[in-house]
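Every number for a ligand or one of its atoms is a count from 1 in the order of the listing. Worth knowing before you read on, the calculation uses all heavy atoms, side chains too, and leaves out hydrogens, waters and symmetry mates.
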Amino acid sequence: MRERIYLASPHMSEQGFEKQYIDEAFKTNWISPLGPNVDMFEKEVAAYVGVRHAAALSSGTAAIHLALKALGIREGDLVFCSSLTFAGSVNPVLYERAIPVFIDSDSSSWNMSREALWKAYQVYPSPRAIIVVNLYGQSADYDRIREVTEEYGTPIIEDAAESLGATYKGVQTGALGDIGVFSFNGNKIITTSGGGMLVCNDEEVVKKVRYWATQAREDVPWYQHKEVGYNYRMSNICAGIGRGQLKVLEERIAKKKFIYEMYQESFADIPEIRMMPVCAYGTPNYWLSCIILDRSCRLKPFDIIRALAKENIESRPIWKPMHLQPVYAGKPFFSSVEGDIIVAEDIFNRGVCLPSDTKMTTGDIEMVAGIVRQLFGKQ
Ligand SMILES: *Cc1c(COP(=O)(O)O)cnc(C)c1O
């Protein structure tokens, strides 16, 4: 049988760059956490993004957790969050016993709505931080978000877990907030098998983050601890994979864009299908190619997901908004102002993430598009 087609799976370089860095780690016995690959991976990501300092961590979720700690978030503090996102971007708010306040998306970018954000400030004028997500590889509109947050002096954590390599007005995502966060989980545009990174121009913040990530060990000869720490650092082996992957990031982005454009072309004659919008203010990394079905469409997302699954092809619904999740029941939510539609719910109800794996051949992409086209009665 044909091999399964995935949504987004790890894709090591054809040249074997990752293996070279791992072999080097084996030769020098730098297997343990930390080591030269970690130091270099931090420097290379910081240079790529255009931020001065970086801390390699065990996951993107860990990076968001330590970003919240670095901003001094404590029990009972309010943190504004994008609702249309993956749980990893919000769960750390609860780790610190702070309170998430969910903000709706706008339909032009699927990212945080300035209007909904403004509404939230009318009720809660003093959040301690805001976590803005760059969804599916496209930057949020930071100039418009900052118009609101700057008035209140709220620091921005930029959740760029899905958007490494995307830009906003010529600036790399991750460099747009006060603290930026990346994920190198297996499904992301590049992977370390599992990992994350926190980037920040303030060296003190990054030093503090490294300290918390290594069990808050004091710099003395014995094990001395004044604070609660975490085991959040990246291993030298994982960082070696990351260094190899970074060399093919541009190639991966080009392929993701090719996949998006092939779907776009394939569905051009089906008015009930629209691609996720691409905003003129930046260049996405096209991490996942998503479609949204017209409200009048007789087919629902699960009709497409089921038809693809029958052919051993993976696709997914859009992230279910956080304000609809049982674990976040009762937390405040502010919707954007687009008629009586709650945009994040509407996108969830009508959207599908199509397979966007960079290992797909042109024939694979044509086949996926063909299955969808057939559902709409097209050859
Ligand atoms: C993947 C992801 C995270 C979490 O990253 P992990 O490395 O899986 O912990 C956070 N936010 C968003 C938007 C993500 O897609």
Side-chain angles (χ1 to χ4, degrees), residues 6-10 41 45 54-69 79-96 100 102-103 105 109-112 129-140 142 145 156-166 168 173-174 176-177 179-199 209 213 230-235 238-239 241-242 245 252 256 276 284-290 316-323 325 327-328 344 347-348 351 353 356:
Y6 291 97
L7 196 70
S9 71
F41 189 40
V45 170
L57 300 167
S58 55
S59 71
T61 308
I64 292 172
H65 185 193
L66 296 186
L68 289 167
K69 279 183 68 77
V79 179
F80 287 2
C81 301
S82 303
S83 183
L84 190 58
T85 186
F86 173 59
S89 95
V90 183
N91 283 335
V93 175
L94 292 202
Y95 301 168
E96 291 302 315
F102 293 113
I103 314 290
S105 294
S109 70
W110 294 15
N111 283 310
M112 188 179 280
I130 173 170
I131 304 173
V132 181
V133 174
N134 304 325
L135 201 70
Y136 296 130
Q138 171 158 265
S139 177
Y142 286 91
I145 287 168
I156 297 178
I157 298 172
E158 182 187 2
D159 181 352
E162 302 175 358
S163 71
L164 180 64
Y168 175 75
T173 58
L176 297 157
I179 299 178
V181 167
F182 296 109
S183 166
F184 306 110
N185 192 38
N187 60 346
K188 297 302 189 322
I189 191 146
I190 61 169
T191 183
T192 59
S193 83
M197 198 165 300
L198 179 148
V199 297
V209 162
Y230 303 85
N231 183 3
Y232 273 175
R233 294 243 42 196
M234 183 181 282
S235 85
C238 292
I241 301 174
Q245 287 269 282
R252 295 291 175 268
K256 294 274 193 189
M276 174 180 157
N285 71 4
Y286 300 92
W287 174 54
L288 291 186
S289 283
C290 305
R316 295 263 177 98
I318 300 294
W319 299 126
K320 183 173 177 179
M322 289 302 117
H323 73 273
Q325 301 288 352
V327 67
Y328 292 112
I347 296 171
F348 169 64
C353 304
S356 310

Any side-chain heavy atom of V79 within less than 4.5 Å of one from P100? no

Heavy-atom proximity to atom 7 (O) of ligand 1, best of S183, S163, G137, G88: S183

If you compare all heavy atoms of C290 against all heavy atoms of Y136, which two are closest, and at what distance to 0.1 Å? SG-CD1, 3.6 Å

Quiz question: by atom type and distance under 3.5 Å, do the side chains of N111 and Y142 form a donor-acceptor pair? no

Tell me whether G60 has any N or O atom under 3.5 angstrom from an N or O of ligand 1. yes

What distance separates E162 CD from I189 CD1, expressed to the nearest 0.5 Å? 11.0 Å

Side-chain contact, heavy-atom cut-off 4.5 Å: T85 with M322? yes

Nearest neighbour in protein (non-hydrogen) for atom 1 (C) of ligand 1: K188 NZ, 1.7 Å

Of the protein's non-hydrogen atoms, which lies at the shortest distance from atom 11 (N) of ligand 1, and what is that distance? D159 OD2, 2.8 Å

Under 4.0 Å from one or more heavy atoms of G195, ligand 1 contributes atoms 7 (O)

Under 4.0 Å from a heavy atom of S59: give me the atoms of ligand 1 that qualify, with their elements. 7 (O), 9 (O)

Is it the side chain (CB and beyond), the backbone, both or neither of S89 that lies under 4.0 Å from ligand 1, heavy atoms counted? both

Among all the protein's non-hydrogen atoms, which is closest to atom 9 (O) of ligand 1, and how far away is it? T61 OG1, 2.5 Å

among protein heavy atoms, the one nearest atom 15 (O) of ligand 1 is E162 OE2, 2.5 Å

Contact between A63 and ligand 1, counting heavy atoms under 4.0 Å? no

What residue among N134, I179, V181 forms side chain to side chain contact (heavy atoms under 4.5 Å, CB included) with E158? N134

Atoms of ligand 1 close to T85 [distance to a heavy atom under 4.0 angstrom, numbered from 1]: 13 (C)

Measuring centre to centre across the rings, with the benzene-like ring taken for any Trp, is F184 within less than 6.0 Å of F41? yes

Heavy-atom contacts with A161 under 4.0 Å: which atoms of ligand 1 show up? List them by number with element. 2 (C), 3 (C), 10 (C), 11 (N), 12 (C), 14 (C)

For F86 and W319, take the angle between the two ring planes, folded into 0 to 90°, and tell me which bin it lands in: parallel under 30, tilted 30 to 60, perpendicular over 60. tilted

